[in-house]
There are 2 protein chains.
Amino acid sequence: MAVKKTKLDEMETVFAALADQTRLRLLNLMRDEEVCVCFFTEVLNESQPKISRHLAYLRKAGLVDSRREGKWVHYGISDRLDPMARTVLDNVLEWLGSQEVMTREHEELVAACCSLDVPVTIARAPKPEALVEREEIARPKPEPEIETYLL
Amino acid sequence: MAVKKTKLDEMETVFAALADQTRLRLLNLMRDEEVCVCFFTEVLNESQPKISRHLAYLRKAGLVDSRREGKWVHYGISDRLDPMARTVLDNVLEWLGSQEVMTREHEELVAACCSLDVPVTIARAPKPEALVEREEIARPKPEPEIETYLL
DNA sequence: AATTCATATACGTATAAACATATATGTTAA
DNA sequence: TTAACATATATGTTTATACGTATATGAATT
């Protein structure tokens, strides 16, 4: 016997999910696309259980979806949101994006994806595709050309 | 020694304020203009202390302002909101307005302002101006004409 | 000044939520 | 099968929050 969830219930749920700074920071990082848990943990410099718990909260609230890829789990903003919730979430991301501190954290994520010198915890983790592409565009790898020349 | 409030703090505060159904219902009623506390209590059919407490929460969060007029106190949406918060709140009101239950509650407020047969608790309370004007436009009073005719 | 009316706040209780630490669970490699 | 890696969940503690009931506070009337 499922309890019917009203729109007001949904509103309360969505705003409760947004009423926490750690969760806002998580949403900021996954603004462009899904991100692996280990990257959240690394960039936000928070404990793994804490990050995991907040991600679970966001998922239960319906704001994000998760996908497992072997040992790795990715979280991204849900593409099945109620239009109203989607609008509010867009507002949130814009508000976050207007803050230098949040912009900097997102840049740290980008840096973590592009840098070759990263902690072992994320060294082998699957990187967000869009950010990896940015790497290839911004920094063409010199190694392949050198090797080809030697051959 | 005031603690400096960051934008992330403000976001958390705003969304925490929105994360309660009673408070959402209150915002819905004051969407057009300020409303006297007694009308909130009457229309939402909730206890006075409960209403008062939630209004205080909204005021502390900066979403609403209050104004005393003798024995009566009016609450309305603040006109000094951060633009980002304002955008979110506008979308909240739109989300609320899309719900039949919320539309009906707002209509109850209008009815309470226009009806001549109301509980003594709000019979003498100052009515929201915009809604009163709507009364004059929508329902011209027949009594004044009858009285004038008798005279 | 006492009384009435309108609203704010106090008090006690129950529930929810955030957190650090510990541990369980799921996947992969050896 | 065991061990390593990545993530989810359990546990105990602290803090915040919502609520009903009671009371205090502020304004107006008598």
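Computed over heavy atoms, backbone and side chain alike; hydrogens, waters and symmetry mates excluded.
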Listing, residues 48-61 of chain A side-chain donor-acceptor contacts under 3.5 Å, not counting sequence neighbours, or none:
unit_1, atom_1, unit_2, atom_2, d
A:K50, NZ, A:E46, OE1, 3.0
A:H54, ND1, A:R23, NH1, 3.0
A:R59, NH1, A:Y75, OH, 2.6

Sequence neighbours excluded, every pair satisfying side chain to side chain donor-acceptor pair (under 3.5 Å) that has a member inside residues 94-103 of chain A: A:E100-A:R104
Length of the CD-P vector between B:E69 and C:dT7, whole Å: 11 Å
Contacts of type side-chain hydrogen bond (donor to acceptor under 3.5 Å, both in side chains), residue A:T22, not counting sequence neighbours: none
Between P of D:dC19 and CG of B:L55, the distance in whole Å: 12 Å
With B:T87 via side-chain hydrogen bond (donor to acceptor under 3.5 Å, both in side chains) - residues at least two apart: none
Set of side-chain hydrogen bond (donor to acceptor under 3.5 Å, both in side chains) partners for B:E12, sequence neighbours left out: A:Q21
For atom CD of A:E46 and atom C1' of C:dT21, their distance in whole Å: 15 Å
Results of salt bridge (Lys or Arg N to Asp or Glu O under 4.0 Å) for A:E105 - residues two or more places apart only: A:R25
Heavy-atom pair with the smallest gap, counting every atom of A:V92 and A:L18: CG2-CD1, 3.8 Å
Least distance between heavy atoms, B:A85 atom then B:V14 atom: CB-CG2, 4.5 Å
Any pair counted as salt bridge (charged side-chain N to carboxylate O under 4.0 Å, His left out), so long as it reaches residues 73-84 of chain A, sequence neighbours left out: A:D65-A:R80
Which residues share a side chain to side chain contact (heavy atoms under 4.5 Å, CB included) with A:R68, sequence neighbours left out: A:V73
Nearest-Å distance for atom pair CZ/P, residues A:R67 and C:dT27: 14 Å
Interatomic distance where CZ belongs to B:R59 and P belongs to C:dT9 [whole Å]: 6 Å
Whole-Å distance separating the CZ atom of B:R68 from the P atom of C:dA8: 7 Å
hbond_proxy B:Q48 side chain to C:dA6 base (donor-acceptor, 3.5 Å cutoff): no
Check nucleotides 15-19 of chain C against the protein and report each pair of N or O atoms closer than 3.5 Å, with its distance, or say if there are none.
unit_1, atom_1, unit_2, atom_2, d
C:dA18, OP1, A:R23, NH1, 3.4
C:dA18, OP1, A:R23, NH2, 2.9
C:dA18, OP2, A:R23, NH1, 3.4
C:dC19, OP1, A:K50, NZ, 3.0
C:dC19, OP2, A:H54, NE2, 2.5

Closest listed nucleotide, where the reference is the side chain of A:S52 and the choices are C:dT7, D:dT9, C:dA8: D:dT9
Nucleic acid contacts - residues 73-81 of chain A versus DNA chain D, non-hydrogen atoms under 4.0 Å: A:V73, A:Y75
Any side-chain heavy-atom pair of B:T6 and A:V101 under 4.5 Å: no
Return the polar atom pairs (N/O with N/O) between nucleotides 2-4 of chain C and the protein under 3.5 Å, or none.
none

